[in-house]
A.B. asks: 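Structure incoming, see below.
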Amino acid sequence: MIPPPNVTGSLHMGHAFQDTVMDTLIRHQRMRGKNTLWQPGTDHAGIATQMVVERRLAAEGKSRHDVGREKFIDEIWKWKEESGGTILRQLRRLGASPDWERERFTMDEGLSNAVKEVFVQLHEEGLIYRGKRLVNWDPVLHTAVSDLEVVSEEENGFLWHFNYPLTDGSGHLTVATTRPETMLGDSAVAVHPEDERYADMVGKTITLPLVGREIPIIADDYVDMEFGTGCVKITPAHDFNDYEMGKRHDLPMHNILTVDAKINEHAPEKYRGLDRYDARKQIVADFEALGLLGEIKDHKLMVPRGDRTGSVIEPFLTDQWFVKAAPLAEPAIKAVKDGDIKFVPQQWENTYFEWMNNIQDWCISRQIWWGHRIPAWYDDQGRVYVARDEAEAYTQAKEAGYEGELHQDNDVLDTWFSSALWTFSTLGWPENTKALQTFHPTDVLVTGFDIIFFWVARMIMMTLHFKKEVPFKEIYVHGLVRDGEGQKMSKSKGNVLDPIDLIDGITLEDLVNKRTYGMMQPEKAAKIEKATRKQFADGIPAFGTDAVRFTFASLASNGRDIRFDLNRCEGYRNFCNKIWNATRFALMNIEGHDCGANGGEVELSVADRWIISRLQQVEKDVNQSLANYRLDLASQAMYEFMWNEYCDWYLELTKPILNDENSTEAQLRGTRQTIVRVLETTLRLMHPIMPFITEEIWQKVAPLAGIEGETIMLQAYPEFDESKVDEQAVSEVEWMKTFIMGIRSIRSQMDIAPSKPLTVFIDNASEQDQAFLANNEVFLSRLARLESITLLDGEAPKSATALVGEMKILIPMAGLIDVDAERARLNKEIGKLEKEVARVNGKLSNEKFVSNAPEAVIAKEKEKQAQYESALSNLKDQLVSLEEL
RNA sequence: ACGACCGUAGCUCAGUUGGUUAGAGCACUACCUUGACAUGGUAGGGGUCGGUGGUUCGAAUCCACUCGGUCGUACCA
């Protein structure tokens, strides 16, 4: 499932990350032979899209009302074509491999039918109702918005104290408010029932200043005696808590605002038409003039703002459509509790449960034009007919004995209402299509935590209700993509990156322009420009899609936000380059040569057997990591294998064979075959994360490995094969690596030129050591640059020493190495070892450790003890002989 | 206020049910234009794992408290 991005705008880093994750998973499963579906598409993003198109009209000096509803919607469709195309192009650039022919849009005919069907059915079941309720109202957009679209943040304000005189003239009550203008709609003053200060006033009335309305003093235990004066003004039509209290006490609701949040005709003449904030000032002034204004205190309060417009949201009394959420939530909670749906990481279940357990009815009507129009029709008497289409509505009206005109509800549905049906509506529901049977329920949803409520929870509710099965079995919740400083990326902060710019690169000037163009707050442009010039002094180089994807993958740890680090991206671009170079080497040595594809005797070297063994382990690790959504571990395993094993060691170890005139045809065939086969397999292994480079190289390499096929995308994914593991070869190569690194280390520390061939003697070699030496002399000489390797016979010359287990490698110092330098080096090594020996000895001499720790752990410690001690005594001997000679 | 998550090398991050000398990339130092690769090679330096206390033979890992950060949810007019 691909969470539908808004058709507005373009893909941002969050999408790129998410799409990388999804594409990696889907490519992996596809290669594993599964019948996969990755459902692409976009949602219509009602409010956001409408705003974009309105802004474009505004640029021409027009409003949507000037052009009219139908024309306006045409405009949006035009815009959608353009913008939706951008998104699909970007997806392709990112290497995404969804099922393009199954692309869906939430306003498609099929999806629209599903929406209508769901609406009608839910209405029939009594789960959708219409009612006059207090909703969150955006006075700029003139529409209701859901709780989730309101962001409350702390802001500085004031607490005004007003004196409300009692009607009987026996005094006054002091109330406090943060929104003075709402007093015009007050219906009561409330005190706590047990508050002795006001006990005798309950039941009396107050004459509301400026308005003159007589309102009761009521008792309700919602009131906090400790706060302020202990008296609360109650405005049921403009506050959610007051609304509840109003219902409890059957108070009248005085709506005093217009849709623009201006004072309406229910208020005294003087205030009508004033903006809410102007009215506030006027009312405070008037209270002061009346001598009824008490103190004014600074006060921090939470101010609700619309997430799209940033305007202060008003609780507003209007007719709206609602989904009764509780009955739908119940099975949705159960599905997660029972493990039918699993969150990864699991902790997100808590977030889900918390919201679901306190779920509020969902306001689904929006007073905008762009969206699914509500399938409800009204007659002259205001009776409502909910139907799939107009004809059905007329039939219903007729049956109800109404013959006149019907008009459809002007409102549209919340975008998330259609998104909630995504899993099954995209597969053809309500028809029981083949696709629906094949792909429903789906396996996994990949999404960000920010839409667990908006989308995920609602999808689960709707799907369980209509399909009677879960929409998906697992939900992989990933983190947010932040910038290098850990800041959220946003247009207004000017720190957004376009994934395409990372792929293709961008000049500093273009980047600055992009970030400062069309800003909501142009005054920030200078600051953004400065920051951008500082951070990207040379612009951004082109990293390529594969490097960008690999970076995302490597940062995709379990459920934590990721800081996009350009340096890491650069590192992974270099990795791509490394793959190219390794390929060049491989092709150079393979093209036009016999790689054993057509038979012939094949002899594998120890290096061949080693790399094949290591490959098995990596295949195992990568498969497991991908199955656990650990793309970071998978990518790291690929990186290490390709670079640190295949390139650094294996390819180096092939050179002595390939370049040796004495190599047999069988040996050459074996090595060439292994070079190409391991490369080909590694390409398949890496393909889900790096689709482009692996495909391109694979096209060249696969035929040489004797593999036929159109594309790497449909090749089998590599799987661990126990029979290909050769422990003998692994330990032999490890032995060689220790040997070579020991010499390199001395060379480097003793300042011996890398080009200088060395003569070495071997002392204290076991039978196995001697066998390994005999087998691998060519490898050792070449990789460590040795002139000769001789088993020591008799007295050792003054030497620098490296250890391979018990075996000593002696490098004669004559003319090369300074005694002091070698002494210092040995002492340093000895110091390290002594610390370790002391630690291990301490452990093993601790009775409690020996009696409590598991056998295996003790054995391991003993082994370490022996190793360290032997190495230590060897080095000490060496130190002594250094002094003696 | 409650809850969740995070705090590991200069930076970005791994560290699977407690058990090698805590790892990687980038950055840093030295050396190296050796025929795949300087977007490279080789060898190095660098961390008392936020703090305190506890459980344990043994803690980066488990528990408690605490400090710092991020994010949710709820808020008193």
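Each chain gets a letter, A, B and so on, in the order its sequence line appears, and its residues count up from 1.
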A.B. asks: Expressed in angstrom and rounded to an integer, what is the separation of A:I296 atom CD1 from B:A77 atom C1'?
C.D. replies: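 Rounded to whole Å, this separation is 16 Å.
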A.B. asks: Measuring from the side chain of A:M741 (C-beta onward, heavy atoms only), which nucleotide among B:C71, B:G25, B:A43 has the closest atom?
C.D. replies: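 The answer is B:A43, which lies nearest to the side chain.
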A.B. asks: Of all the nucleotides listed (B:A77, B:A36, B:A4), which has the minimum atom distance to the side chain of A:Q347?
C.D. replies: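 From the listed options, B:A4 comes nearest.
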A.B. asks: Give me the atom names and distance for the closest heavy-atom approach of A:L134 to A:A237.
C.D. replies: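 Heavy-atom minimum between the residues: CD1-O, 3.1 Å.
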A.B. asks: If I take atom CG in residue A:L587 and atom C1' in nucleotide B:C37, what distance separates them, rounded to the nearest angstrom?
C.D. replies: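 After rounding, the reported distance stands at 14 Å.
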A.B. asks: If you compare all heavy atoms of A:M690 against all heavy atoms of A:I579, which two are closest, and at what distance to 0.1 Å?
C.D. replies: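 For A:M690 versus A:I579, the nearest heavy atoms are SD-CD1, 4.1 Å.
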A.B. asks: Where the side chain of A:M302 is defined as all heavy atoms beyond and including C-beta, which of B:A74, B:A36, B:C37 is the nearest nucleotide?
C.D. replies: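 Looking only at side-chain atoms, A:M302 lies closest to B:A74.
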A.B. asks: The side chain of A:Q749 lies closest to which of these nucleotides: B:U42, B:G40, B:A43?
C.D. replies: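 The answer is B:A43.
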A.B. asks: P atom, B:C63 versus B:G44: distance in rounded Å?
C.D. replies: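 So the two P atoms sit 39 Å from each other.
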A.B. asks: Looking at B:A36, I'd like to know if its phosphate oxygens (OP1 or OP2) sit under 4.0 Å from a side-chain N or O belonging to A:K655.
C.D. replies: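 For B:A36, OP1/OP2 do have a side-chain N/O of A:K655 under 4.0 Å.
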A.B. asks: Please determine whether a side-chain nitrogen or oxygen atom of A:W355 lies at a distance below 4.0 Å from atom OP1 or OP2 of B:A4.
C.D. replies: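 No, no such contact exists.
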A.B. asks: It should be established whether A:K828 places a side-chain nitrogen or oxygen under 4.0 Å from OP1 or OP2 of nucleotide B:G45.
C.D. replies: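 Result: yes.
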A.B. asks: A:D546 vs A:F575, test: side-chain contact (heavy atoms from CB on, under 4.5 Å). Steps then yes/no.
C.D. replies: CA-CA 10 Å; A:D546 291 314; A:F575 179 53; over 6 Å; no
A.B. asks: How many whole angstroms separate atom CD1 of A:I746 from atom P of B:U42?
C.D. replies: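 To the nearest whole Å, that distance equals 18 Å.
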A.B. asks: If you check the A:K864 side chain, which of B:A4, B:A43, B:U20 turns out closest?
C.D. replies: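 Among the listed nucleotides, the one closest to the side chain of A:K864 is B:U20.
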A.B. asks: Looking at B:G40, B:G45, B:G44, which one has an atom nearest to any side-chain atom of A:K832?
C.D. replies: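 Nearest listed nucleotide: B:G45.
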A.B. asks: What's the gap between B:A9 and B:A4 when it is taken at their C1' atoms, as a whole Å value?
C.D. replies: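 Looking at atom C1' only, B:A9 and B:A4 are 28 Å apart.
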A.B. asks: On the nucleotide B:A77, are OP1 or OP2 found under 4.0 Å from the side-chain N or O atoms that A:T229 carries?
C.D. replies: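 No, because none of the side-chain N or O atoms of A:T229 sits under 4.0 Å from OP1 or OP2 of B:A77.
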A.B. asks: Between A:D224 and A:N589, name the one whose nearest nucleotide on RNA chain B is closer to the 5' end.
C.D. replies: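 Between the two, 5'-proximity favours A:N589.
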A.B. asks: Mind checking A:R782 for me? I need base, sugar-phosphate or nothing, with any heavy atom below 4.0 Å counting as a touch.
C.D. replies: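 It contacts nothing in the nucleic acid.
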A.B. asks: Rounded to the nearest angstrom, tell me the gap between atom CH2 in A:W348 and atom C1' in B:U73.
C.D. replies: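 For the pair A:W348 CH2 and B:U73 C1', the rounded distance is 13 Å.
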A.B. asks: OP1 or OP2 of B:A77 sitting under 4.0 Å from any side-chain N/O of A:H161?
C.D. replies: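 No, no such contact exists.
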A.B. asks: What is the base-pairing partner of B:C65, counting Watson-Crick and G-U wobble geometry with both distances under 3.5 Å?
C.D. replies: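 Checking every strand shown, B:C65 finds its partner in B:G51, with both distances under 3.5 Å.
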A.B. asks: What one-letter contact string describes nucleotides 8-14 of chain B from 5' to 3', where B marks a base within less than 4.0 Å of any protein heavy atom, S marks contact via sugar-phosphate atoms alone, and - marks no contact?
C.D. replies: ----BSS
A.B. asks: In this structure, how many angstroms lie between the C1' atom of B:U73 and the CG atom of A:D450, rounded?
C.D. replies: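 Between C1' of B:U73 and CG of A:D450: 16 Å.
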A.B. asks: Can you tell me which nucleotide in B:G40, B:G72, B:A4 comes closest to the side chain of A:F453?
C.D. replies: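 Between B:G40, B:G72, B:A4, the one nearest the side chain of A:F453 would be B:G72.
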A.B. asks: A:N577 side chain: which of B:A36, B:C37, B:C71 is closest?
C.D. replies: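 Of the options given, the side chain of A:N577 lies nearest B:C37.
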A.B. asks: With rounding to the closest Å, how many angstrom separate the C1' atoms on B:G25 and B:G69?
C.D. replies: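 About 24 Å, rounded to a whole number of Å.
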A.B. asks: Ring centres of A:Y352 and A:F453 under 6.0 Å apart?
C.D. replies: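 No, too far apart.
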A.B. asks: Should A:Y222 be listed as having a side-chain N or O under 4.0 Å from OP1 or OP2 of B:C76?
C.D. replies: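 Affirmative; the distance criterion is met.
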A.B. asks: Looking at B:A36, B:C32, B:A43, which one has an atom nearest to any side-chain atom of A:P754?
C.D. replies: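 Selected nucleotide (nearest to the side chain): B:C32.
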A.B. asks: Can you identify which nucleotide, out of B:A43, B:A36, B:U73, has its nearest atom closest to the A:S745 side chain?
C.D. replies: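 Per side-chain heavy atoms of A:S745, the pick is B:A43.
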A.B. asks: Indicate whether OP1 or OP2 belonging to B:G41 is found under 4.0 Å from a side-chain N or O atom of A:K578.
C.D. replies: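 So the side-chain polar atoms of A:K578 do come within 4.0 Å of the phosphate oxygens OP1 or OP2 of B:G41, strictly under.
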A.B. asks: Should B:A38 form a Watson-Crick or G-U wobble pair with both distances under 3.5 Å, which nucleotide is its partner?
C.D. replies: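 Pairing partner: none.
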A.B. asks: Roughly how far apart, to the nearest Å, are B:C13 and B:A60 at atom P?
C.D. replies: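 Per the computed distance, 22 Å lies between those P atoms.
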A.B. asks: Find the distance A:K737:NZ to B:U42:P and express it as a whole number of Å.
C.D. replies: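 Result: 11 Å.
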A.B. asks: Which part of the nucleic acid, if any, lies within reach of A:K860 when heavy atoms closer than 4.0 Å are counted: base, sugar-phosphate only, or nothing?
C.D. replies: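 Nothing: the residue A:K860, judged by heavy atoms under 4.0 Å, touches no strand.
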A.B. asks: Within the sub-3.5 Å range, which N or O atoms of nucleotides 54-62 of chain B have a protein N or O partner, and how far apart are they?
C.D. replies:
from, atom 1, to, atom 2, distance (Å)
B:C57, OP1, A:N852, ND2, 3.3
B:C57, O4', A:K848, O, 3.4
B:C57, O2', A:N846, ND2, 3.1

A.B. asks: I need the minimum non-hydrogen distance between A:I215 and A:D186, along with the two atoms involved.
C.D. replies: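 Closest pair (atom of A:I215, atom of A:D186, distance): CG2-O, 3.8 Å.
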A.B. asks: CD1 of A:I858 to CD of A:Q865: how many Å apart, nearest 0.5 Å?
C.D. replies: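 It comes to 12.0 Å.
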